[in-house]
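Report on the following structure.
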Number of protein chains: 2
Amino acid sequence: VKLLPLLNITAESLMIPSEKVAHVQMNNPLEHALLILVKSGYSAVPVLDTSYKFKGTIGKNIILNRILGLERFEMEKLSEVRVDEVVNQTIPCVQKQDDFLTCLKTVIDYPFVCVVDQEGYFDGILTRRAILKQLNKYIHV
Amino acid sequence: VKLLPLLNITAESLMIPSEKVAHVQMNNPLEHALLILVKSGYSAVPVLDTSYKFKGTIGKNIILNRILGLERFEMEKLSEVRVDEVVNQTIPCVQKQDDFLTCLKTVIDYPFVCVVDQEGYFDGILTRRAILKQLNKYIHV
Ligand SMILES: Nc1ncnc2c1ncn2[C@@H]1O[C@@H]2COP(=O)(O)O[C@H]3[C@@H](O)[C@H](n4cnc5c(N)ncnc54)O[C@@H]3COP(=O)(O)O[C@H]2[C@H]1O
Ligand SMILES: Nc1ncnc2c1ncn2[C@@H]1O[C@@H]2COP(=O)(O)O[C@H]3[C@@H](O)[C@H](n4cnc5c(N)ncnc54)O[C@@H]3COP(=O)(O)O[C@H]2[C@H]1O
């Protein structure tokens with residue numbers, strides 16, 4: 001099994017570029033974020049600010065947990081609470097030039113990680129599927 | 001890089017056994033399924049019947065899509081619709097003795113696959129995280 005070519009692959013060649021990534025903005029109400037998540041079908045998506053800098057991620061679970069009251073889901077809160085109040089900022093990031101082993105390590109505990117540049121602008125996302133496809137390709141060589 | 005020991009690992013040694021897997025039943029209302037999903041934090045979980053046979057999976061997206069009306073999420077449908085009306089039955093399954101390469105191939109397109117025996121009884125789930133952890137361990141040897 002020749003794994004050497006795999007080790008030279010960078011995040012940039014594996015990532016989904018920003019223009020193909022569904023995202024929401026920090027100042028959106030949760031109602032808009034939940035609609036984007038349900039329509040796109042994704043569990044979670046990146047959150048950006050108005051200048052396209054990466055701020056974190058938001059997922060269906062964060063939103064549903066926020067509106068789950070004692071007796072029911074309090075749907076009215078969806079229009080009252082904004083994304084910036086519940087955004088998850090603990091997602092690791094990588095840079096375009098990071099190598100395959102770094103990328104593999106970061107997706108062990110996260111379905112996707114974000115690719116950002118040195119100033120924090122959003123370049124794209126690196127998914128577990130992209131990493132697994134590459135590994136499956138090289139493991140048969 | 002010595003990958004040979006990796007190839008002899010089976011699904012059984014990597015799976016999360018059934019007693020540790022959150023699941024719902026076919027005859028549960030969607031309200032119960034959504035609560036299990038929000039409380040456990042999982043995007044989707046296996047669906048079993050009363051004799052513990054594997055029937056499919058259900059996730060937050062299937063449920064939210066089902067109750068999304070023209071103007072709002074119609075929460076009352078959560079108590080009117082049952083899991084068996086929306087269960088996703090297209091998830092691939094593996095068996096306990098399947099080898100690592102088979103397991104790797106099946107999780108490329110699915111966050112998890114179910115491990116079932118020859119009669120269709122549920123043994124556990126095989127997650128992308130378990131596969132990635134093993135690959136990361138052997139790729140450094
Ligand atoms: N529309 C679709 N068509 C075909 N397959 C689909 C799909 N939506 C989801 N999947 C499959 O389900 C996996 C988990 O999706 P999830 O939404 O939980 O988790 C996703 C989602 O949160 C995020 N993601 C992926 N692509 C995205 C995009 N274009 N924009 C925003 N977020 C994305 O990255 C996570 C991992 O994605 P990954 O591709 O590794 O893994 C995906 C993919 O294998
Ligand atoms: N409570 C928690 N503590 C720590 N990390 C957590 C976590 N919940 C989720 N994660 C992390 O997020 C990933 C995606 O979870 P998700 O719920 O979308 O997708 C999960 C979920 O749908 C299902 N799953 C995992 N463990 C489960 C369990 N014990 N019972 C039922 N379903 C499970 O398998 C999918 C893939 O799981 P995987 O472990 O590869 O990947 C998990 C794991 O890395």
How far does CD of Gln134(B) sit from CG of Leu14(B), to the nearest 0.5 angstrom?
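Rounded to the nearest 0.5 Å, the CD-CG separation comes out at 5.0 Å.
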
Is Ile67(A) linked to Leu78(B) within one hydrophobic cluster, defined over Ile, Leu, Val, Met, Phe, Trp and Tyr using a side-chain heavy-atom separation of less than 4.5 Å?
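The answer is yes; both residues are in one hydrophobic cluster.
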
Shorter than 4.5 Å, heavy atoms on both sides: which option in Asn61(B), Leu37(B), Leu132(B) has the most such pairs with chain A?
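Greatest number of close heavy-atom pairs with chain A: Asn61(B).
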
Please classify the contact of Leu68(A) with chain B as side chain, backbone, both or neither, using a heavy-atom distance under 4.5 Å.
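Side chain of Leu68(A) only, per the 4.5 Å heavy-atom cut-off to chain B.
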
Is it the backbone or the side chain of Ile131(B) that comes under 4.5 Å from a heavy atom of chain A, or both, or neither?
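When you check distances to chain A, only side chain atoms of Ile131(B) fall under 4.5 Å.
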
Are the side chains of Met26(B) and Val87(B) in touch, meaning some heavy atoms are under 4.5 Å apart?
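Yes, their side chains come closer than 4.5 Å.
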
If every non-hydrogen atom of Ile139(B) is compared with every non-hydrogen atom of Leu101(A), which pair is closest and at what distance?
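For Ile139(B) and Leu101(A), the tightest heavy-atom pair comes out as CG2-CD2, 3.5 Å.
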
